[in-house]
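Following: one structure in structure tokens, then a few remarks.
Each ligand, and each atom within it, is numbered from 1 in the order the structure gives.
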Amino acid sequence: MIRYKKLGYVVLSVTDLNKSVDFYENIVGMEFVERVLDAAYLRCSGDHHNLILEQGEEPGLKRVAFELEKADQFQAVFDHLKKQGVNPVELSAEECQNLAQGRTLRFKDPYLGVTYEFYVQIMQMGTPFVPKKARITRLLHVVYETNKFDELFDFFTTVLNFNISDIQGRETGWAWLRAAGTPFHHNFALTKGKENKLNHLAYQAQRVDDVGIQVNRLKDNNVPILFGPGKHHPSGSIFLYFADPDGLTIEYSQGMEEFPEENPREPRRLEPTMHTLDEWGGRPKPGWGKVGKLIKEDLEKVNQ
Ligand SMILES: CC(C)C(=O)/C=C/C(C(=O)O)=C(/O)C(=O)O
Ligand SMILES: [Fe+2]
């Protein structure tokens, strides 16, 4: 079965590339690596990229990329996805080189048509990532709102080998999932909704101080705070949500629960209360999770 090293990066479509590069570098705290035509690569680790921003018509999520645990698993994963009828496409050596990655495959989930990418051996930069602003340590998770909750839940847990960390039942369904091999409470989460859209992206903040520092940086730069600081009951993390230049919801998350590989705790069914949402009693602003199209990519263009 598939095992993962981490959630590696996402590709976002943004309406003003220059403005968004400035935001993700100087407000979120990533490091700009390079720009190739209408795409900008940024990092928050030793990897060549942990975020690709692409100039687009509307803001949204174009691709979610996971690094596989080991390079020698690539072919078995490709064959597994093919057997599951997911129709993976392997990128050409030239495409992979352009992406500064090793072997790379892409496929679409059969329900929302979002593009997923599994890759190995991303280029390691010559110098370590040194946070200039708040100490962010990784891209932590992606959360969708979807009206295909049950289908996606099954797809991630049975086909893609994601473990269930917690669920929240009934109409406000939530599921927090972790890719097999990774320790964090969730690197992917789903919430039931009327639409199919990106709810938010989260970066891990190293210390509580980094959340506090970010509150003041957002205020000093007139960046809208959408929710928090607060404390999420599911992962126990302290959170702070804010809007990027297009209104996409970005989260700083500190102190997320980590699961051991051996004998992890059982998933819980959490009560759908405001306490689950924020143990400190806060409420999200109307803009929270509002903006973020799930943008379908044309996989036929891969390798053209
Ligand atoms: C908004 C829901 C109900 C919630 O509680 C979210 C929890 C967490 C967490 O516990 O870390 C998230 O970060 C999340 O779902 O993204
Ligand atoms: Fe989150």
Which protein non-hydrogen atom lies closest to [atom], naming both residue and atom, and how far is it?
atom: atom 8 (C) of ligand 1; answer: His232 CD2, 3.2 Å
atom: atom 15 (O) of ligand 1; answer: Trp176 NE1, 2.8 Å
atom: atom 11 (O) of ligand 1; answer: Ser235 OG, 2.6 Å
atom: atom 14 (C) of ligand 1; answer: His186 NE2, 3.3 Å

Checklist line | Considering only N, O or S atoms of Glu251, the one closest to the Fe ion (ligand 2) | finding: OE1
Note to self: Using heavy atoms and a 4.0 Å limit, tell me yes or no: is Phe227 in contact with ligand 1?
What the structure shows: no
Check: Contact between Trp174 and ligand 1, counting heavy atoms under 4.0 Å?
Finding: yes
Notebook entry, point to check: Does His141 bring an N, O or S atom to under 2.8 Å of the Fe ion (ligand 2)?
Noted result: yes
Next item on the list: Assess His200: does it contribute an N, O or S atom lying under 2.8 Å from the Fe ion (ligand 2)?
Entry: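 His200 does place an N, O or S atom closer than 2.8 Å to the Fe ion (ligand 2).
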Item checked: ligand 1 N/O within reach of Trp288 N/O, cut-off under 3.5 Å -> no
Notebook entry, point to check: When only distance counts, is His233 in polar contact with ligand 1, meaning an N/O pair under 3.5 Å?
Noted result: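 Looking only at distances, the answer is no, because the N/O contact criterion of under 3.5 Å is not met.
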Which ligand 1 atoms does [X] reach within 4.0 Å, using its non-hydrogen atoms?
X: Ser237; result: 11 (O)
X: His200; result: 14 (C), 16 (O)
X: Val143; result: 16 (O)
X: Glu251; result: 13 (O), 16 (O)
X: Pro234; result: 5 (O), 7 (C), 10 (O)
X: His141; result: 13 (O), 14 (C), 16 (O)

Margin query: Which option wins on minimum heavy-atom distance to atom 1 (C) of ligand 1: Asp278, Thr276, Leu277?
Written below: Leu277
Are [X] and [Y] close enough that a side-chain donor and a side-chain acceptor fall under 3.5 Å?
X: Gln121; Y: Arg103; result: no
X: Gln204; Y: Thr137; result: yes
X: Glu31; Y: Tyr24; result: no

Check: Where do Arg217 and Asp210 land on the salt bridge (charged side-chain N to carboxylate O under 4.0 Å, His left out) test, with the steps shown first?
Finding: CA-CA 10 Å; Arg217 177 177 304 115; Asp210 297 302; over 6 Å; no
Checklist line | Point-to-point distance, once rounded to the nearest 0.5 Å, from CG of Leu152 to NZ of Lys192 | finding: 12.5 Å
Notebook entry, point to check: What about Phe156 and Tyr116, are their ring centers closer than 6.0 Å?
Noted result: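 Yes, they do, as the ring centres are separated by less than 6.0 Å.
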Margin query: Are Tyr4 and Phe162 an aromatic pair, judged by ring center distance below 6.0 Å?
Written below: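 They qualify: ring centres under 6.0 Å apart.
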Notebook entry, point to check: Is there a donor-acceptor contact under 3.5 Å from the side chain of His232 to the main chain of Asp278?
Noted result: no
Check: Short question: side chain of Asn147, backbone of Lys194 - any donor-acceptor pair under 3.5 Å?
Finding: yes
Item checked: Partner of Tyr119 under ring-ring contact (aromatic ring centres under 6.0 Å, His included), chosen from Phe78, Phe74, Tyr9 ->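 Going through the options one by one, the only one that passes is Tyr9.
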Checklist line | Heavy atoms from other residues, nucleotides or ligands near CD of Gln124 exceed 12 (cutoff 6.0 Å) | finding: yes
